[in-house]
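First up is the structure itself, then whatever we jot down about it.
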Amino acid sequence: MNRNISQGTRGRLARFGQRVAAFVAECNYAQTRLTSLRNTPERF
């Protein structure tokens with residue numbers, strides 16, 4: 001029974017970690033896109 005509880009906790013932590021990783025990846029993409037748009041020749 002303890003094994004099932006620890007696996008459930010690990011599953012929750014894994015899902016939380018995946019959500020955090022997705023959030024960081026989305027922020028990184030937005031930062032890259034913003035930098036790209038700021039450096040376009042049409043801006044000047």
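Only heavy atoms go into these numbers, but all of them, side chains included; no hydrogens, no water, no symmetry mates.
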Distance-only check: which donor-acceptor pairs under 3.5 Å involve side-chain atoms of residues 27-37, not counting sequence neighbours?
residue: Thr32; atom: OG1; partner: Asn28; partner atom: O; Å: 2.9
residue: Thr35; atom: OG1; partner: Gln31; partner atom: O; Å: 2.9

Who are the side-chain contact (heavy atoms from CB on, under 4.5 Å) partners of Arg19, not counting sequence neighbours? none
Who else is in Leu13's hydrophobic cluster (ILVMFWY, side-chain heavy atoms under 4.5 Å, direct or via others)? none
Val20: which residues meet the side-chain contact (heavy atoms from CB on, under 4.5 Å) condition with it, sequence neighbours left out? Phe16, Val24
